[in-house]
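Notes to accompany the following structure.
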Amino acid sequence: MVPEPVFKTVFNPPSSIRNYPILLVIILIAFAVSPLPVLGESSPTVRLLLGQNLPRAVISGDSLLIEKLEEGIWQPVIGRVRMAGFSPWRAGVRLEGSHSEESLFRVKADKGMLQYAGLRRRGYLTVRNSSGGLMVVSHLPLESYLAGVVNGEIDSSWPLEAVKAQVVAARSYALYQMSRGSVYFDLKTDVTDQVYAGVHSEDVRALEAVEMTRGQVLYKDGELIQAFFHSSCGGSTTSSLDAWGVARPAHESVTCGTCQDAPYARWNLPLSAGEIVEAVQTLVPHLSSLRFMGIHKRSGDGRVKTLYLETGEGRVLVDAGEFRKQIGYRRLLSTRFALGKSGERIILTGTGYGHGVGLCQWGARGSASRGMDYRQILRKYYAGAEVRRAY
Ligand SMILES: [Zn+2]
């Protein structure tokens, strides 16, 4: 569990110190500059989108304080309630069971934690009307958020240096998104951004990795990098340019060689001609039959960039990333594959899981097991990047 930020200690010097004002000043300065072990302290606040276009939102807790924004100042509406229901009302939000209709509500817990959508929440929640439905956003310290990301992305029981590398990458990604987030939120809580598994997934190891790297992020040429990561690369990572057509600083292809223990290090996916036609139809309408599928182009690191299909309607080129999306990211695990045939079926034989850009999580685990520390691991996957404190 994260210790609550309650370090409002009154410094009451013993009489022997009261007689030595200079010493007292030195001690007070030392007290002021030494960081306290509280995750929320001096951490920026991140805004997580928990839901949008909702017909209703219910927030519960031991003792809730509900506030409304009036002329830029938060004003209490009601306090010490255990549950609050909200619904859209015209262009605003109605607090159910009251006459309060506002454009924005804030819900805090006087004690304990908030509960929303089955998970306990740190920080506070806001509820607003967005396009006719409700939008619920969680506001919490970035360091607390990171402790809840570790077990959503990897497993905190992995070697500590690998966990620390994941935390620094996740912090860099989050801080980058915070500097460019949308008007109302910075991050989503699923694989679109980073998988946030909430308070219940925090544990001692996750907190330790966050605390040991507090405020540390990745820079390249003085710029904060949007550090991407993925499960396993299957041998070498790929550049953002090859994967998405956009060159990102420190996201080049690098040799990994340490992710052989990943659960999807090697895989096979048999596909019928019908399944392939169905997937490609969303990209090339009016396609009816498949005669042959081959690889048109690979990237330098061996991933398929383009497939070519001989069809009843002629020859068609298909982007492999789009093909993977249409088949399903959890079925076609990566674009690093070869094609074979078994009877009527086309067999895709591949390695790795994920888009292959940035840090390879299972490779970081393997690197840590071979004695690399988190800075070395990060340098391995983010070419030319350096770890620095942002706060
Ligand atoms: Zn790898």
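Just follow the structure's listing: the first ligand is 1, and inside any ligand the first atom is 1. Index from 1, following the sequence.
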Hey, can you tell me if His139 and Tyr124 have their rings parallel, tilted or perpendicular (30° and 60° cut-offs)?
parallel
With under 30° as parallel and over 60° as perpendicular, where do the rings of Tyr264 and Tyr353 fit, or are they tilted in between?
perpendicular
Under 4.5 Å side-chain heavy-atom separation, chaining through any Ile, Leu, Val, Met, Phe, Trp or Tyr, what else clusters with Ile377? Say none if it is isolated.
Val168, Leu218, Ile225, Phe229, Val254, Leu359, Met372, Tyr374, Leu378, Tyr381, Tyr382, Val387
Residue pair Gln361 / Ser231, side-chain donor-acceptor N/O under 3.5 Å
no
For a distance under 2.8 Å, give residue and atom name for each protein N, O or S atom next to the Zn ion (ligand 1).
Cys233 SG, Cys256 SG, Cys259 SG, Cys360 SG
Closest non-hydrogen atom pair between Asn129 and Pro88, with its separation
ND2-CB, 4.0 Å
Using the side-chain hydrogen bond (donor to acceptor under 3.5 Å, both in side chains) rule, pick out the option among Gln194, Arg122, Arg171 that qualifies with Tyr145.
Gln194
